[in-house]
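Just so it is clear: chains get the letters A, B, ... in the order the sequence lines come, proteins before strands, and each one is counted from 1.
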Amino acid sequence: MELSQAIFSGCEYAGTAAFAVSGAMIAVEKHMDLFGILFLAVVTALGGGTIRDVLIGSFPPRMFSSYRYLLLAALCALVVFSVARGFGTRYLANRERLDQINNIFDAVGLGVFAVSGARIAVEAGYIGNPFLTVFLGMTTAVGGGIFRDMLIREVPFVLKKRVYAIAAITGALAYWLCLRAGALEPAAAFIGLTLTFVLRMVATHFRWNLPRAIP
Amino acid sequence: MELSQAIFSGCEYAGTAAFAVSGAMIAVEKHMDLFGILFLAVVTALGGGTIRDVLIGSFPPRMFSSYRYLLLAALCALVVFSVARGFGTRYLANRERLDQINNIFDAVGLGVFAVSGARIAVEAGYIGNPFLTVFLGMTTAVGGGIFRDMLIREVPFVLKKRVYAIAAITGALAYWLCLRAGALEPAAAFIGLTLTFVLRMVATHFRWNLPRAIP
Amino acid sequence: MELSQAIFSGCEYAGTAAFAVSGAMIAVEKHMDLFGILFLAVVTALGGGTIRDVLIGSFPPRMFSSYRYLLLAALCALVVFSVARGFGTRYLANRERLDQINNIFDAVGLGVFAVSGARIAVEAGYIGNPFLTVFLGMTTAVGGGIFRDMLIREVPFVLKKRVYAIAAITGALAYWLCLRAGALEPAAAFIGLTLTFVLRMVATHFRWNLPRAIP
């Protein structure tokens, strides 16, 4: 039990870092200053959880009480800033490769946030409301990315490409179904996380997209 | 009394559908995938009410407890998706006409949401605060559309054209004034709804715009 | 004590007016209609405080109970609208100069909102949480501007240029440190406000920017 909690915590840190790195990398490309890079990293990493907390009326949002995630996100922003500044053109030439590596951690983050969002909904007493539970899982997982894309005035990535949100929804739904079927919480969390991660990695590899109305 | 409630409910469904259709149609045009189409339809139809619930501290927001509106919005998104996919170029050629038809239902939605937002403010005990009551009516009516336009990175339509928000404000204010003057609630609701609807339709027909500072 | 409160109130009005004017001026340039101009002025002036109130779960947000700020913001919007409409091309030719004058009041607003946001966090019992206190100060000061820029689909100014947010953070942090060190509240407020104001004016004058990763 304690081991499973430690693994889940490790995944949460990995996911927070991946989201923060993706936010910071985009801020660098958009020529933001150091504050903008820190801000976008924090928004991407902690924005989804903050929207979730507002939606269930949990004040102040968790990002203001568990400092570790915030500090981790800020640290990641500083690392990206330093690397981009130090390597200059070499950073620019290799950023797609960096993005590919980050994508793996991003998929871990997607899974762990989908599950932790659903878990907080269940802990707040909403296990009888599957839609709210799954929606909060999805919001925790993709809310930060949507907010990030709105800040840099792009149509949010999650609305256009790959099975990103669907992977988070699937994981949160699996978590809820497992709990309902009487599974132990750590087992349900493991299944939800793994399902999201695998779905996302497979979708990336095979370049799966959801259908569009007009190609 | 029961009849008036049934009519009002019918108007709420019509308005939800119209808002969802407008969100889905824009998502189709922006080449979003199926998830994006569903998301934009739901945001447009239920976003205003969700912002309203957050502003008065009513958690979780109503969209998570009355599933009917959510299901209706999702259904509308699927219909738009299927029609656009099925008819292809013919859909594209006729979408302006579709938009014109949808515009009538949209005006019904504007009126019914302006009134229902104001009603929820009154039920929450804010009848003594006309500004909050009218603001919540306006927010319920136009908040989803503003959020939709921010997601597709357009300057919100409501800030630029026609007397859209003003129609909602007028209806919500009329509702509040009628209640204050001692009118029965269904009568106040009917007056507010009708006023918004008529104002909006007339403004569309005569291409009324509010003045701009510099033409 | 009463004098210090009067001065602080005066600064709050000056800041609200400056923020509203900046919002209205941008709305005029974006060819918004009168409603858009009013809306953008109100969002810029009161949006930061509203986000702050939502984050600490204070409902309904203060803008709905203290009407004075709202009326002041609306009045400023009407003045900008009338001036732009009346002077036409002369307004357009001189708006940079207007912006420079407004910039001074904007710096007052930045300082006073940074302090008042931090004060509300302290009054809500969060003095033991420096991060939340400083974050709410910053949010109150820059949140309205970020929201304004998202509505007109610009990458928020605060993420790109000058030491805008940093000045607000510095002032809110100084306020918190002074209180912690046992200073009287009005003295702490004065120090926080002045520090933000001076930092912002100096940064504007010398065209200070935070470093970017890639020039």
Counting only non-hydrogen atoms closer than 4.5 Å, does [X] touch chain B with its backbone (N, CA, C, O), its side chain (CB onward), both, or neither?
{"X": "A:L136", "answer": "neither"}
{"X": "A:I56", "answer": "backbone"}
{"X": "A:F135", "answer": "side chain"}

With chain A, which of B:L151, B:I37, B:I152 has the greatest number of heavy-atom pairs at distances under 4.5 Å?
B:L151
With only heavy atoms counted, which part of [X] is less than 4.5 Å from chain A, the side chain, the backbone, both or neither?
{"X": "B:L38", "answer": "neither"}
{"X": "B:F39", "answer": "side chain"}
{"X": "B:S58", "answer": "neither"}

Heavy-atom pair of closest approach, residues A:A114 and A:A168
CB-O, 3.5 Å
B:V163 versus B:L199, closest heavy-atom pair with distance:
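Scanning both residues completely, I find the closest heavy atoms to be CG2-O, 4.3 Å.
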Is A:T50 close to A:F147 at the side-chain level, that is, under 4.5 Å between some pair of heavy atoms?
no
Taking the side chain as everything from C-beta on, heavy atoms only, tell me whether A:L72 gets closer than 4.5 Å to A:Y13.
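The answer is yes; the side chains approach within 4.5 Å.
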Cation-aromatic face contact B:R62/B:Y69, 6.0 Å, 45 degrees:
no
Within the 6.0 Å centroid threshold, strictly below: B:F19 and B:F113:
yes
